[in-house]
Amino acid sequence: MRVVVIGAGLGGLTLAHGLRRAGIDVAVYERDGARGRPQGVSLHIDDRGTAALRACLPPAHAAMAEATMGGPRDRTLTLSDELTVVDTRPSDGVAGRARPGRQAHRPLLRAVLLTDLDDVVRFGTEFTRFEQRSDGTVRVWFADGGTDTADVLVGADGIGSAVRRRYLPDVRVVDTGRRMIMGATPVRTVVDTGLPGLIGDSPAAAQVRGTTMALAVLRFTQQPVLARQEWLPALRSHVVADAEDYVMWALPSTRERLGSPVMAWHQAQDLAADLHPTLRLIVAEAWPDVTAALRIGMIPPMPAWPASPVTVIGDAIHLAPGFGGNLAMRDAQSLCQELVAANRGRLDLLDAIGAYEDTMRRNSFPSVTAKAGR
Ligand SMILES: Cc1cc2nc3c(=O)[nH]c(=O)nc-3n(C[C@H](O)[C@H](O)[C@H](O)COP(=O)(O)OP(=O)(O)OC[C@H]3O[C@@H](n4cnc5c(N)ncnc54)[C@H](O)[C@@H]3O)c2cc1C
């Protein structure tokens, strides 16, 4: 079996590892160059993401990822405008609350996922279209004129997915108009304020003059340089040596207010202008090059479709700004499991893809339970 994956994000790379470990021929095509784009600094990884990493990655990769995450996060704090803790809620996944988990440094997780996939990932290659052929295979075209042919095409190409637009043109992405400016500030520059000590490993929401600023401290449980020596010496990325503990912060904005996304760091200074001096300092000391403005979109539930050799995972088909990475990795784990069963002759290929899609729709759009006829 040969699988072509479009997109080297969290979902596509998790899937590529899982397929390769099962002996399936896989190629990943990524539009961006190897350094990628700023996509936010950290991710809350819950049980779904951790389970997928353990299931799909080689054990050393999964160990490296987990060794460098922050401490356990099992509660969320609310801070007053004087920055004292006024409320503590459990992170238990109940009633819309986040599930417990740990914080991961996004660029480091990406570097771990890319390790040992040099012969699988082709950067700077933008997917443009595909054609399902009468022999059951799928032909894929790229912007540079290149092509590839596979038994399965997986769109793991994120919110603007070109695979989804061609395959499921009725699925809509709604821009909510909301934007989130996310940044990171070295702990050493703000440690004297006492805030990093106050919130510990817990996510916190500071509600100040109509703005809710999200804050969290990522203290690497094991320093990345030491973790690399112990778990994954093959990991080559400047991210490892550069990594230091930081305060992650996020400020809400809107499409109208934001202007140009390249001005995200300056925008953040404006948004923080009226906040508590400690919060202003956190924003002022942030690394400008990792400050990013992220669009908050949503995809309404869609009716089921008949399975074919083309499918989609992650943000390409469902959006969840606070936990979409976990869903993308869980999709990868679930699709991998079904494709491995098909490759071993235990399932028909289309039944395998259909089973993945039923699970994905059930988990991501619980109100839609209808199955597609195949
Ligand atoms: C403000 C904010 C905060 C978030 N916080 C969290 C969090 O704490 N925890 C969490 O789990 N999730 C979080 N998310 C969601 C998370 O970032 C996404 O759900 C996750 O990145 C989706 O992974 P993916 O693999 O589906 O897509 P992506 O990671 O977006 O990867 C898609 C890849 O496809 C590539 N691509 C696109 N088009 C093409 C093409 N035509 N050809 C080739 N390649 C292409 C892109 O360059 C990209 O590399 C957050 C999101 C936002 C907006």
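This chain uses plain numbering: 1 for the first residue, then up along the sequence. Order of appearance sets the numbers: ligands from 1, and atoms from 1 within every ligand.
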Side chain, backbone, both or neither: which part of Ala250 has a heavy atom under 4.0 Å from ligand 1? neither
Report yes or no: do His318 and Asp331 form a side-chain donor-acceptor pair below 3.5 Å? yes
Tell me if the CZ atom of Arg280 is crowded by more than 12 foreign heavy atoms within 6.0 Å. yes
Hey, are Trp249 and Thr185 close enough side-chain-wise for a donor-acceptor pair under 3.5 Å? yes
Other residues, nucleotides and ligands only: do more than 12 of their heavy atoms fall within 6.0 Å of CZ on Arg236? no
Checking the N or O distance criterion of under 3.5 Å, is ligand 1 in contact with Glu126? no
For residues Glu357 and Thr311, is any side-chain donor paired with an opposing acceptor at under 3.5 Å? yes
Residue part near ligand 1, for Asp315, under 4.0 Å between non-hydrogen atoms: both
Within 6.0 Å of CZ in Arg219, more than 12 heavy atoms from elsewhere: yes
Nearest neighbour of atom 16 (C) of ligand 1 from the list Gly325, Gly101, Ala328, on a heavy-atom basis: Gly325
Using a strict 4.0 Å cut-off to heavy atoms of Tyr29, name the atoms of ligand 1 that fall inside it. 43 (C), 44 (N)
Please say whether Pro321 places an N or O atom under 3.5 Å from an N or O atom belonging to ligand 1. yes
Please determine if Ser42 has a nitrogen or oxygen closer than 3.5 Å to a nitrogen or oxygen of ligand 1. no
Under 4.0 Å to a heavy atom of Gly158 - the qualifying atoms of ligand 1, by number: 27 (O), 30 (O), 32 (C)
With no hydrogens and no angle check, is any side-chain donor or acceptor of Asp157 less than 3.5 Å from a backbone partner on Val163? yes
Got an N/O contact under 3.5 Å between Met180 and ligand 1? no
Under 4.0 Å, heavy-atom basis, I'd like to know which part of Leu294 is in contact with ligand 1: side chain, backbone, both or neither. side chain
side-chain hydrogen bond (donor to acceptor under 3.5 Å, both in side chains) filter on Gln337, not counting sequence neighbours, yields none
Ligand-side contact atoms (ligand 1) for residue partner Met182, heavy atom cut-off under 4.0 Å: 1 (C), 2 (C), 3 (C)
What atoms in ligand 1 come closer than 4.0 Å to a heavy atom of Gly314? 26 (O)
Geometric N/O contact Gly11 with ligand 1, under 3.5 angstrom: yes
Does any N or O atom in Arg106 lie less than 3.5 angstrom from one in ligand 1, N or O only? yes
Please identify each residue that fulfils ring pair (Phe, Tyr, Trp, His ring centres under 6.0 Å) with Tyr246, with sequence neighbours left out. His105
Using side chain to side chain contact (heavy atoms under 4.5 Å, CB included) as the criterion, point out the one residue from Asp315, Asn326, Leu113 that pairs with Leu10. Leu113
Minimum distance, heavy atoms only, to atom 39 (C) of ligand 1: which one of Asp157, Thr125, Asp32 is it? Asp157
If you take the nearest heavy atom of each of Ala143, Gly322, Ala332, Gly49, which one is closest to atom 7 (C) of ligand 1? Gly322
